[in-house]
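First up is the structure itself, then whatever we jot down about it.
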Amino acid sequence: MKNLFKVIFFVLFVFFLNCGKEANEESAAPLESAKMSSDVAMEKKVAPSAPRAEETLDADSAPNQLGQVFVPIQNTSERLLEYQVQLSYQTQDLIKTRKDLLTFITKYGFIESSSAVNTDSPYMNLRVHIRSEKLYDALIELDSYGVLLSEDISTVDHTEGMVWQKIKSNREKIRLGRRTNANNQTSGNSKNWEAIEEAITDSENNLDQSEHEIWKIKDRVKWATLNINFSSPIPPDKIQIPTYKNAFIGILNVFLELTYYLIWMIPFLLLAGILYFPLKKVYHYFKK
């Protein structure tokens with residue numbers, strides 16, 4: 001009887017244990033399915049953005065492209081900036097590019113210097129001045145004339161210099177007014193009259209110089225300087241066949257030169273032949 005109770009107890013224990021495992025598996029299955037569905041939803045949300053990132057990367061890493069052109073910030077109300085731009089382009093047709101540049105220059109500014117060579121490796125160098133407020137439009141249009149190889153854009157800040165020149169100008173105006181009043185109150189016979197006149201002249205010269213410096217700063221800020229270089233692709237090596245006709249012409253020229261000098265030498269050879277026999281007889285006579 002005891003053995004029978006033990007067997008029954010063991011069977012019941014195993015039965016309840018298996019039921020507990022099945023219940024845990026059934027409760028865990030909905031959790032796993034819910035987790036998988038949330039992961040799929042997240043993948044669907046992330047998937048559309050992945051190709052865009054790849055497209056952006058491909059666009060940025062495209063060969064022979066420097067990206068968007070530099071956008072100059074026209075902040076003339078706060079800073080006085082002089083733009084200096086160095087650009088290098090490659091063009092397939094330099095003659096056409098030169099014609100387009102003539103129209104470009106008349107549209108945006110004026111040319112300071114230019115040089116062009118049309119040989120096996122043609123190139124063109126330009127130094128032009130463009131209105132600063134039109135610099136961005138000018139750079140965009142220049143990109144249509146060739147492939148941009150290099151770009152160097154720098155600025156010179158004239159804000160501090162302008163402030164100092166205005167201080168000097170205002171100070172000289174005050175000095176000029178004070179010295180003019182002193183001059184008006186001094187008679188021509190006074191000893192200080194010449195010194196006051198000289199001081200007034202110095203103030204006027206200093207004022208003119210300050211005004212001139214202010215004008216130069218405004219002019220430099222108003223006009224951006226562009227140094228532009230256009231070149232053509234390096235042509236492939238060619239088989240150079242020499243002109244054999246030149247060799248024959250050279251030989252003929254040498255032969256003609258020799259005959260020319262020979263004609264000059266004929267009279268001297270004849271004279272030497274005529275004098276040879278008498279001089280020989282005289283030589284043998286004295287030798288005996």
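Position 1 is the first residue of the sequence; numbering continues from there.
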Fill in: Heavy-atom check, side chain of M124 versus side chain of T97, under 4.5 Å
no
Practice prompt. For a side-chain contact (heavy atoms from CB on, under 4.5 Å) with H129, tell me which candidate from E112, R220, K222 qualifies.
Written response: E112
Worksheet item: How long is the span from the NE2 atom in H158 to the CD1 atom in I217, to the nearest 0.5 Å?
Response: 6.5 Å
Discussion item. Measuring from atom CD1 of I130 to atom CZ of F104, what distance do you get when rounded to the nearest 0.5 angstrom?
Written reply: 4.5 Å
Fill in: K218, NZ atom: more than 12 neighbouring heavy atoms under 6.0 Å
no
Worksheet entry | Heavy-atom side-chain proximity of Y136 to I140 below 4.5 angstrom | yes
Worksheet entry | Side-chain donor or acceptor of S132 paired with backbone N/O of V221 under 3.5 Å | yes
Item to complete: To the nearest 0.5 angstrom, please state how far the CG atom of L142 sits from the CD1 atom of I228.
Response: 4.5 Å
Fill in: Gap separating the NE2 atom of H212 from the CG atom of D208, nearest 0.5 angstrom
10.5 Å
Practice prompt. Step by step, work out the side-chain contact (heavy atoms from CB on, under 4.5 Å) result for L94 and N118.
Written response: CA-CA 8 Å; L94 186 65; N118 188 17; 5.5 Å; no
Worksheet item: In terms of ring plane angle, is the pair F110 and W223 parallel, tilted or perpendicular, where the classes change at 30° and 60°?
Response: perpendicular
Discussion item. Using a 6.0 Å cut-off, check whether atom OH of Y145 has over 12 heavy atoms from anything other than its own residue.
Written reply: yes
Worksheet entry | Worked check of side-chain hydrogen bond (donor to acceptor under 3.5 Å, both in side chains) between S150 and Q86 | CA-CA 8 Å; S150 63; Q86 306 282 338; over 6 Å; no
Discussion item. How long is the straight-line distance from CG of D143 back to CD of E151, given to the nearest 0.5 Å?
Written reply: 8.0 Å
Response to the item:
Tightest non-hydrogen contact, residues Q92 and P233, listed as NE2-CG, 3.5 Å
Item to complete: Please name the pair of heavy atoms, one in S114 and one in L126, separated by the smallest distance, quoted to 0.1 Å.
Response: OG-CD2, 3.2 Å
Discussion item. Checking the side chain of T159 only, and the main-chain atoms of L80 only, is there a donor and an acceptor separated by less than 3.5 Å?
Written reply: yes
Discussion item. Does any part of the side chain of L87, heavy atoms only, come nearer than 4.5 Å to the side chain of L139, both counted from C-beta?
Written reply: yes
Worksheet item: Checking T106 side chain against L102 main chain: does a donor-acceptor pair fall under 3.5 Å?
Response: yes
Worksheet item: Are any of the side-chain heavy atoms of N125 and Y123 separated by less than 4.5 Å?
Response: yes
Worksheet, complete the sentence: For S169 and E211, the nearest pair of non-hydrogen atoms, with its separation, is OG-OE2, 2.8 Å
Worksheet item: Closest heavy-atom contact between Q165 and S210?
Response: OE1-CA, 3.6 Å
Worksheet item: Heavy-atom distance under 4.5 Å between the side chains of L135 and L226, does that happen here?
Response: yes
Response to the item:
Separation between CG (L81) and CD (Q84), nearest 0.5 Å, reads 11.5 Å
Discussion item. I want to check something: taking the side chain as every heavy atom from C-beta on, are Y108 and V128 in contact at a cut-off of under 4.5 Å?
Written reply: no
Worksheet entry | NZ/NE/NH1/NH2 to OD/OE distance under 4.0 Å, K168 and E213 | no
